[in-house]
Amino acid sequence: MPEMLSVRNLRVEVTAHQPDGSSSRLVLVDDVSFDVSKGKVLGLIGESGAGKSTIGLTALAYGRGGVCMTGGQVLLDGEDISKLDTRGIRSVRGARVAYVAQSAAAAFNPAHKLGRQVIEAAFRHGIMTREEARKRAVYLFGVLGLPDPENFGERYPHQVSGGQLQRAMTAMALCANPELIVFDEPTTALDVTTQIEVLAAIKHAIAETNTAALYITHDLAVVAQISDDIMVLRHGKMVEYGPTRQIIEAPREEYTRALVSIRQTSREAARPDGDVLLNIEGLTAGYSDVDVLQDISLSLPKGQTFAVVGESGSGKSTLARVITGLLPPRTGTIAFNGTPLPPARKDRSREQLRRIQMIYQMADTAMNPRQKIRDIIGRPLTLYFGTRGQAKTGRVKELLEQIEMGPQFLDRYPAELSGGQKQRVAIARALAAKPELILCDEPTSALDPLVAEGILKLLLRLQEETAVSYLFITHDIAIVRAIADRVAVMHRGRVVRQGAKTAVLSPPFDDYTDLLLRSVPEMEIGWLERVLEGRRGNQRQSAAPIEMERS
Amino acid sequence: MRLRSMPISARIGLAGIMLVALCAIFAPLIAPYSESAVVGEVWAPMGGDFILGTDNLGRDLLSRLIYGARATLFVALAATLLSFSIGMTLSFTAVVSGGIVDQVLSRLNDLLMSIPALILALIVLAVLPQNIGILIVVMAAIDSTRVYRIGRAVALDVSVMDYVEAAWLRGEGKLWIIFREILPNTLAPLLGEFGLRFAFSILFLSTLSFLGLGIQPPVADWGGMVKDNKEGIIFGVSAALAPGAAIAFLVICVNLVVDWLINATASLKGARGDA
Amino acid sequence: MSAQEETVSGQPGNQMSAARRGAPAPAAGRAARSKNSLGYLIARRMALGIALLFAASMLIFGGVEALPGDFATTYLGQEATPQAVANIREELGLDRPMTERYLSWLGGILQGDFGTSWSNHNSVGEQIWKRLSDSLLLAGVSALISIPLAIGLGMIAVLYRNRIPDKVISILSLAAISLPEFFIGYLLIQFFTVQLGISEFPATVYDGMSLGERLSAIVLPVATLVTVVLAHMMRMTRSAILNVMSSAYVETAELKGLSALRIIAEHAAPNAVAPVVTVIALNLAALVVGVVVVEVVFVYPGIGQYMVDAVTVRDMPVVQGCGLLFAAIYIVLNMVADIVSILANPRLRHPR
């Protein structure tokens, strides 16, 4: 019996058109082979640019913007779909192979009700009548744990939450009863507490319908929960391919080993507290008539890392805006080194501004694309210390040295740097001001895991060398474990828990911290089942709300 | 956006603009006759001494066409430059200042834009004395409202970037923010916009002159030449078509270059967006 | 001509930055909901339209007063005696305070009275109403022809994107938007009237003409207007549809294996309606202004011709009246465009 999907020596290239009419070809995927059989899930994992999505879309004989398959075979139930004509391809898409996109919010048509879109493929391909398809949709809504399955399809996409949309998209893929589903990072855009729900729903639905699936993600811990086999990809080539247990527990390749061990770094217990650098009392702030932050009080000791952890909408980024003076608070005070800071940026002196520097999530947008690296790092030197000419160049070189980059970068533009290098330059720019506090707003969440790890190590080393303090904003508990001394957990604009890291991350927990900690996927097979089991136990006792997402 | 990667259409456009510019600069050397001298009979046909024939007063059409390039290019270019200076200054000030300054300027701009450009020009020119200086100022003032709208949108897009916020947080002044952070990153789209406004200015000026409200005789400009010779059309005299074709030629050339500029900057943007 | 100024895009950027900026908690959505209700938004847009109309009337009246130049002198010529000037100021009512004259002017207009012409002492209102219908006939027929053509050609350009039909359409429309209206008009006259002799010039219409006679008289002016407006409308329609076609939900439909026709009809079209209607309304506004030049070219007795004639002799009541009328049409069409896009937004039509 042939495999459900069998990919042989796949090669995919993209043709890039220049405005002058010339074009160049680029190999995206080279010599990749794998098999997926009925009822099994294959995880495709890799960093951005590894070619995961491109491979997934070839199973639907689809290529985005000039991408096309130039070699190998894609056999669906023994038949090479890359050889099909337009009509043949159409009869595969939606009917035999279905696709779940990363952003369901964009993938649903805003003009139509969800139900109509969910049954469309099943009905249009003549697989079911409209009524049969509707019944199946209702059944799938139930399987996926959507509220009020009977009437869920009557809603428009903008009327339901992100997590619900992602599940509705899974229902849409499953509705026509396809032989294979391609999941393309279906939980990446979700908060962790939502992600676990969607993940569980997808796993349950796959088991229930006995479909084959390709599960694409950059998160090894996530894919470990859901797949039977894993293929590790890098730069369009296969690195390692094997059963999930072998990949997680006994990786053969060094790259895989690095991916597996990534979340296991952890910094030892918090150091004894020193003098207070930043002290916030009774802070309330917000936009127009809405309070995004309510009654926040926290204090940050000198030379330490204070992690603020929370999900989207928790107000953690707003906190950074208030500290920098971009958003003056309604009430409350911010004291720096014992003296109160003016609430608005405009009223702060240059010296006050110098002491607090910031590192952004997107290094791309944090640096002026029209300035050279020497100017980006050198500007604070001139502005704050009046350093110019040779002295300035010398100091910039020193800073480049400190961030493990050489003087050859002096005259490059940000666009010529990789993501990790850009973030390093942003760190150097902050260091150039000789600050006492650096606000780090998710500085690693846009980076690939190995690169992110390098940035975290750099930050820790710089802290040892310069005794700078960090206020580190993140959604990722693993990062908190790795670098924090003190932690504050934020939820819906309030600090629900704070203190030394060991104390905050040890039981007894409050409800939210408990949920947050349990939701972070661990690199361990069977973790998902264990958590869900534990949660069901809890639910019987307290009926705690599992749905933490906003709607 | 390299010159070497310029497609053939944009090269043609650029060559055309240069041709007209050369005519304008060296008009006295190129033109066979003077601008205003009556040298032949009225509406003489093409050929012979007069390559394109003569106009409604017996002046050489080709010479007037060459001199007309001067007035047309000069006034349109001056108006566009002035309108960009006004529009960009005000829109950048509005974005960087924000708050009430932005509100007042933007609402005022909305008001001026609520009256169609041609109608506003007709009303204003009905009142003001007719000379080239006033014409340029009026054209620029009307056009600057369009520049303001684009300039504000473009500057606003850049001003919310993290690097601008970082500059504010560093303690930079408004001038640094405008000239070092925002302006360099808006030049590419604004260059395309400049071309678009220039093409519009040529058409607008020609229309005003055609209606008798633009450049006044005896100075030759292409729109005015169409007006002078329009009576001839019905008698089969095509003297009005030559200056019309000249306007069309110049605007098509400008638009060809603009198309390339816009595509080149759009593809720059697109290259950044893929995940 | 002014269609070139408007661009359909531009909105998404602002929305994105707004979303990036604020970290509005769930509560923000709730507070904003009442402010985002359909009725509220439409009422607000209409109020803005009316406010703009008033402001425009003040601008047209007050701006003219504020500009240098004395009408009495203009009226009588440079050699007029001071006494004659004073007399004429009184006769024209220029000696009364400005606010008083503005209010009586506006009050008159609201009742259909645009005052009296300085040059021939006729009622401006009568002339305007008579000529308005002729101008609207010209604009209306042009709109009826160019709207379906523009949408059709725009869709063809999208279907054959970057292939021969698209390129041909693109080059022709680029040429068409580069030609001044009067040049197109004279080209048509030269070809159809002078060489072929199958069309009339000038395009005169008068009372007592049947609709058929009128239509045959305005063939060339309509053709001129259509050429200009069609090109703009087509280019904007093309980019509006392309914008929708490149969205993720169209890709979803494609990955469902739907046919191209069904994707366009069921997934792209409902979302393209709003931007396309906006394009149409903006171009209709441009069309109304475009009649000014075309009427002069074809010596057509419409409101544009009336205004241009008045401007050359500085007949201010006529200039102000016509100006206000054009501004009003323009403002109303822009308002309609905005209201349609509010109505077409499913987020607003089906609140949570």
Side-chain angles (χ1 to χ4, degrees), chain A residues 17 57 60 62 64-65 86-87 89-99 101-113 116-117 120-122 124-125 155-160 169 172-173 176 182 286-293 312-318 321 492-493 550-551, chain C residues 12 15-36 161-162 167 242 244-275 341 343-352:
Chain A
H17 293 280
L57 286 169
L60 293 112
Y62 187 81
R64 287 189 178 124
T86 321
R87 211 180 175 77
I89 288 172
R90 261 178 41 208
S91 67
V92 168
R93 290 180 185 163
R96 298 178 62 198
V97 186
Y99 180 76
Q102 175 174 353
S103 168
F108 273 107
N109 192 327
H112 299 308
K113 289 177 182 170
R116 174 177 166 182
Q117 300 188 56
E120 194 175 17
R124 289 291 174 209
H125 285 292
R155 305 209 213 165
Y156 282 88
H158 67 272
Q159 294 172 321
V160 307
M169 183 118 200
M172 182 155 85
V182 178
Y287 305 94
S288 61
D289 52 351
V290 184
D291 285 341
V292 180
L293 294 176
S312 57
S314 64
K316 56 189 195 303
S317 293
T318 309
R321 292 178 64 77
R492 299 194 177 168
R550 59 205 152 124
S551 55
Chain C
Q15 281 165 7
M16 247 177 60
S17 53
R20 238 172 52 79
R21 271 271 151 266
R30 240 169 284 137
R33 206 159 298 159
S34 62
K35 283 186 184 169
N36 282 335
R161 175 151 55 122
N162 289 337
K167 292 200 165 146
L242 269 186
V244 173
M245 290 300 286
S246 63
S247 61
Y249 53 79
V250 169
E251 184 184 276
T252 305
E254 223 169 311
L255 291 177
K256 278 181 185 170
L258 303 182
S259 67
L261 198 67
R262 202 172 283 286
I263 292 173
I264 291 177
E266 287 184 10
H267 286 277
N271 294 290
V273 167
S341 57
L343 281 172
N345 187 340
R347 282 162 193 277
L348 298 173
R349 247 184 319 141
H350 311 283
R352 293 185 165 198

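Sequence lines set the chain letters: A, B, ... in the order given, protein chains first and strands last, and positions in each chain run from 1. The analysis underlying the following values was restricted to heavy atoms, covering all of them including side chains, and did not include hydrogens, waters or symmetry mates. These numbers come from a predicted model, not from an experiment.
Note: A106(A) leads A106(A), A98(A), A121(A) in heavy-atom pairs under 4.5 Å with chain C. With chain C as the partner, the residue from M169(A), K316(A), R87(A), H125(A) showing the most heavy-atom pairs under 4.5 Å is H125(A).
Here the side chain of H350(C) pairs no donor or acceptor atom with the backbone of K113(A) at under 3.5 angstrom.
Only the side chain of Y99(A) comes within contact range of chain C, judged by heavy atoms closer than 4.5 Å. Contacts of R262(C) with chain A are made by side-chain atoms alone, with heavy-atom separations under 4.5 Å and no backbone atom involved. Neither the backbone nor the side chain of R96(A) has a heavy atom closer than 4.5 Å to any heavy atom of chain C. S259(C) touches chain A through backbone and side chain together, each having a heavy atom under 4.5 Å away.
The structure places OG1 of T252(C) at 8.5 Å from CG of N109(A), a figure rounded to the nearest 0.5 Å. Put simply, CD on E120(A) and CD on E266(C) are 6.0 Å apart, with the number rounded to the nearest 0.5 Å.
Looking at every heavy atom in both residues, P270(C) comes nearest to A111(A) through CB-CB, 3.9 Å. Residues L255(C) and L57(A) approach most closely at CD1-CD2, 4.0 Å, considering heavy atoms.
More than 12 non-hydrogen atoms from other residues, nucleotides or ligands lie less than 6.0 angstrom from CZ of R349(C).
Each of R124(A), R90(A), R93(A), M172(A) was checked for a side chain to side chain contact (heavy atoms under 4.5 Å, CB included) with K256(C), and the lone residue meeting it is M172(A).
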